[in-house]
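So the structure is just underneath, and the comments pick up after that.
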Amino acid sequence: MVYTNGKKVLNACGADAVYASCEYLLRYLTGFVAENGCVIVDQTGATLYTDKRYIEAAEKILAGSDVKPVLYTQSEVLERLAGYEKVGISFRETSHVEYLTLEKAGVKTVNIEGTLNETMSVKESWELEKISVACEIAEKAFLKLLPEIKEGAEEAELAALLEYNMKMLGAQSTSFDTIVAFGAHASVPHYETGRTKLTFGDEILMDFGCKVDGYCSDITRTFLFGDDGKHGEFKKAYESVLTAHNLVKEKLCAGMTGKEADAIAREYLQAKGYGSLFTHSLGHGIGLNIHECPSVSPKGTTALMNGMVFSDEPGVYLAGEYGIRIEDTVCLEKDKVKSFMSKTDRNLVIL
């Protein structure tokens with residue numbers, strides 16, 4: 001496989017070379033990741049510098065690609081970088097110590113954070129396929145978990161079972177710390193999963209995802225463990241959140257800004273009386289990072305383009321009472337929203 005991401009970034013940023021050493025940028029620019037390594041991309045191609053622990057694996061994985069793996073020596077890397085007029089780096093992902101080392105060696109750097117954000121936000125077909133597989137695994141793991149949910153189970157227990165299912169189905173790791181919230185705990189959007197036990201009539205909110213070859217999925221489902229007849233307001237709010245979620249899929253199109261996309265859900269929930277309870281943005285970009293460009297929020301100024309992947313996750317949170325979030329990982333394809341989630345029900349499920 002030819003990894004063209006490095007050349008895309010290089011050509012877009014206008015530097016003579018691109019340098020990176022953080023894990024996700026190594027994977028993005030080369031298709032390989034190592035704890036200790038770096039990459040230099042110039043017009044001749046990409047060179048992955050790594051140590052003896054990874055060189056054999058890198059040679060096998062990158063055979064036939066345009067990425068050349070070589071053994072890392074700091075002096076060689078610094079001498080090569082110093083020979084360029086302008087080296088593009090991510091200031092955000094370069095430590096102060098590393099920056100000082102580059103500066104001391106005479107490397108002339110420029111910040112290409114904006115270029116990286118723009119380039120990474122539009123996925124290649126092979127990147128979309130990895131995200132699709134990660135989404136499929138997450139959904140299958142959730143469906144496999146549902147029959148195992150029993151009264152008395154702890155939040156942390158269900159989170160562990162869900163993560164086990166994802167790994168057994170082929171996930172590399174989780175995209176983030178799995179959230180399992182029972183009852184009023186769901187009113188905290190980023191609740192820290194605890195040891196609370198499940199009781200009949202509890203609401204359950206699960207926010208989870210997994211990685212495949214570094215690429216993330218993100219999904220949230222909210223449902224009930226039995227119906228004790230005390231969820232009238234919850235059900236009413238749930239229908240509003242679901243409608244807002246679906247309106248985004250129907251109305252969002254390429255060319256809209258993140259702010260305009262966010263407004264589709266926000267204005268609907270506002271009209272239903274839930275505006276003040278929608279306390280986060282509609283969505284965030286998803287890729288090698290669980291949060292990346294584009295921002296689909298009231299502050300999102302980036303125009304959404306075909307190939308971008310992001311979440312559609314409106315929510316309503318009433319402190320101390322309930323929380324509702326319905327989230328799919330979606331992309332823009334042929335100017336319209338396409339969801340990666342097709343196996344799990346978004347209508348209210350009562351176990």
> Can you find a side-chain donor-acceptor pair between Asn246 and Thr243 that sits under 3.5 Å?
Replying inline: no
>> Can a side-chain donor-acceptor contact be found between Tyr274 and Arg266 if the only test is distance below 3.5 angstrom?
In response: no
> Taking the six-membered ring for Trp, are His291 and Phe176 ring centroids under 6.0 Å apart?
Replying inline: no
>> Please report whether the ring centroid of Phe142 lies less than 6.0 Å from that of Phe223.
In response: yes
>> Would Thr119 and Asn117 count as a side-chain contact (heavy atoms from CB on, under 4.5 Å) here? Give the steps.
In response: CA-CA 6 Å; Thr119 305; Asn117 287 340; over 6 Å; no
> Do other residues, nucleotides or ligands put more than 12 heavy atoms under 6.0 Å from the NZ atom of Lys108?
Replying inline: yes
> Where do Ala20 and Leu29 come nearest, in terms of heavy atoms and distance?
Replying inline: CB-CD1, 3.9 Å
> Under 3.5 Å, is there a donor-acceptor pair between the Ser297 and Asp262 side chains?
Replying inline: no
> Taking a hydrophobic cluster as the set of Ile, Leu, Val, Met, Phe, Trp and Tyr residues connected by side-chain heavy atoms closer than 4.5 Å, whether directly or through intermediates, do Phe225 and Leu161 fall within one such cluster?
Replying inline: yes
>> Testing the basics here: between Tyr322 and Ser187, what is the closest heavy-atom pair and its distance to 0.1 Å?
In response: O-CB, 3.3 Å
> Do Ser295 side-chain atoms and Thr301 backbone N/O form a donor-acceptor pair below 3.5 Å?
Replying inline: no
>> Quick check: closest heavy atoms across Thr50 and Ala34, and the distance to 0.1 Å?
In response: OG1-CB, 3.6 Å
>> Measuring only between side-chain heavy atoms, which start at C-beta, is Leu116 closer than 4.5 Å to Glu93?
In response: no
>> So, applying side-chain hydrogen bond (donor to acceptor under 3.5 Å, both in side chains) with Glu155, which one of His185, Arg195, Lys197 is it?
In response: His185
>> Please verify the inter-ring angle class for His231 with Phe234; under 30° counts as parallel, over 60° as perpendicular, anything in between as tilted.
In response: perpendicular
>> Out of the candidates Glu129, Lys130, Glu127, Gln172, only one should pair with Tyr215 under the side-chain hydrogen bond (donor to acceptor under 3.5 Å, both in side chains) rule; please name it.
In response: Glu127
>> Looking at Glu292 and Lys123, is there a salt bridge between them, counting it only when a charged N and a carboxylate O are closer than 4.0 Å?
In response: yes
> Got Cys13 and Val18 here, is their nearest side-chain heavy-atom distance under 4.5 Å?
Replying inline: yes
>> Testing the basics here: between Ala105 and Ala82, what is the closest heavy-atom pair and its distance to 0.1 Å?
In response: O-CB, 3.6 Å
>> For the residue pair Asn5 / Glu124, report whether a side-chain donor-acceptor contact shorter than 3.5 Å exists.
In response: no
>> Can you tell me if Phe91 has over 12 outside heavy atoms packed within less than 6.0 Å of its CZ?
In response: yes
> Hey, mind stepping through Leu102 and Tyr19 against side-chain contact (heavy atoms from CB on, under 4.5 Å) and telling me if it holds?
Replying inline: CA-CA 11 Å; Leu102 295 172; Tyr19 168 82; 4.2 Å; yes
>> Between Asp42 and Lys7, is the salt bridge (charged side-chain N to carboxylate O under 4.0 Å, His left out) condition met? List the steps.
In response: CA-CA 8 Å; Asp42 62 17; Lys7 279 293 180 69; over 6 Å; no
>> Please determine whether side-chain hydrogen bond (donor to acceptor under 3.5 Å, both in side chains) holds for the pair Asn36 and Tyr72, giving the CA-CA distance in whole Å, both sets of side-chain angles, and the decisive distance to 0.1 Å.
In response: CA-CA 9 Å; Asn36 180 33; Tyr72 171 83; 5.8 Å; no
> Taking it one step at a time, do Lys235 and Glu239 satisfy salt bridge (charged side-chain N to carboxylate O under 4.0 Å, His left out)?
Replying inline: CA-CA 6 Å; Lys235 291 178 180 178; Glu239 286 303 312; over 6 Å; no
> Has the side chain of Thr30 got a donor or acceptor atom that lies under 3.5 Å from a matching backbone atom of Leu26?
Replying inline: yes
> What pair of heavy atoms forms the shortest contact from Thr329 to Met341, and how long is it?
Replying inline: N-SD, 3.5 Å
>> Is it the case that the side chain of Lys336 and the backbone of Glu250 share a donor-acceptor pair, with hydrogens and angles ignored and the cut-off at 3.5 Å?
In response: yes
>> Testing the 3.5 Å rule here: is there a donor-acceptor pair between the side chains of Ser21 and Glu98?
In response: yes
> Are any non-hydrogen side-chain atoms of Tyr99 and Ile89 less than 4.5 angstrom apart?
Replying inline: yes
>> Looking at Asp207 and Arg325, is any side-chain nitrogen of the basic one under 4.0 Å from a carboxylate oxygen of the acidic one?
In response: yes
> Distance from Asn306 atom CG to Asp335 atom CG, nearest 0.5 Å?
Replying inline: 4.5 Å
> Would you say the side chains of Arg221 and Thr344 form a donor-acceptor pair under 3.5 Å?
Replying inline: yes
> Can any side-chain N or O of Ser175 pair as donor or acceptor with the backbone N or O of Ser217 at less than 3.5 Å?
Replying inline: yes
>> Ignoring hydrogens, what is the shortest heavy-atom contact between Pro298 and Ser281? Give both atom names and the distance.
In response: CD-CB, 4.3 Å
> If two hydrophobic side chains count as joined below 4.5 Å and joins carry through other members, does Leu143 share a cluster with Ile137?
Replying inline: yes
> Does a donor on one side chain sit under 3.5 Å from an acceptor on the other, for His284 and Asp218?
Replying inline: yes
> Does a donor on one side chain sit under 3.5 Å from an acceptor on the other, for Thr73 and Glu76?
Replying inline: yes
>> Tell me whether the count of non-hydrogen atoms from other residues, nucleotides or ligands lying under 6.0 Å of CG in Asp177 goes above 12.
In response: no
> So how far is it from Leu158 CG to Glu148 CD, rounded to the nearest 0.5 Å?
Replying inline: 9.5 Å
>> Does this structure show an ion pair linking Arg27 with Glu23, if we count only N-O contacts that are shorter than 4.0 Å?
In response: no
> Does the side chain of Glu139 reach to within under 4.5 Å of the side chain of Met166, using non-hydrogen atoms?
Replying inline: no
>> Taking Glu260's backbone N and O only, do any of them form a donor-acceptor pair with Thr257's side chain (distance below 3.5 Å, no angle check)?
In response: yes
> Can you tell me how far the CG atom of Leu242 sits from the CZ atom of Arg346, to the nearest 0.5 Å?
Replying inline: 9.0 Å
> What do you reckon, is NZ of Lys167 surrounded by more than 12 foreign heavy atoms closer than 6.0 Å?
Replying inline: no
>> Determine whether a donor-acceptor pair (N or O, by modelled atom type, separation under 3.5 Å) exists between the side chain of Asp328 and the backbone of Asp312.
In response: no
> Can you tell if the side chain of Val180 reaches within under 4.5 Å of the side chain of Glu157, non-hydrogen atoms only?
Replying inline: no
> Going through the distances and angles, do His280 and Tyr317 end up as a ring pair (Phe, Tyr, Trp, His ring centres under 6.0 Å)?
Replying inline: CA-CA 10 Å; His280 54 73; Tyr317 309 90; 5.3 Å; yes
> Between Lys150 and Pro147, is there a donor-acceptor pair closer than 3.5 Å when you use the side chain of the first and the backbone of the second?
Replying inline: yes
>> With a 6.0 Å cut-off (strictly less than), is the heavy-atom count around CD of Glu151, excluding the residue itself, greater than 12?
In response: yes
>> With a 4.5 Å cut-off on side-chain heavy atoms, are Leu224 and Asp202 touching?
In response: no
> With side chains defined as the heavy atoms from C-beta onward, is the minimum distance between Met256 and Ile264 less than 4.5 Å?
Replying inline: yes
> When you look at Arg80 and Tyr49, which way does the side-chain hydrogen bond (donor to acceptor under 3.5 Å, both in side chains) test go after all the steps?
Replying inline: CA-CA 12 Å; Arg80 182 176 172 187; Tyr49 293 89; 2.9 Å; yes
> Does atom NZ of Lys338 have more than 12 heavy-atom neighbours from other groups under 6.0 Å away?
Replying inline: no
> Near Lys8 NZ, under 6.0 Å, is it more than 12 heavy atoms from other residues, nucleotides or ligands?
Replying inline: yes
> Hey, does Val77 have a side-chain heavy atom less than 4.5 Å from the side chain of Leu81?
Replying inline: yes
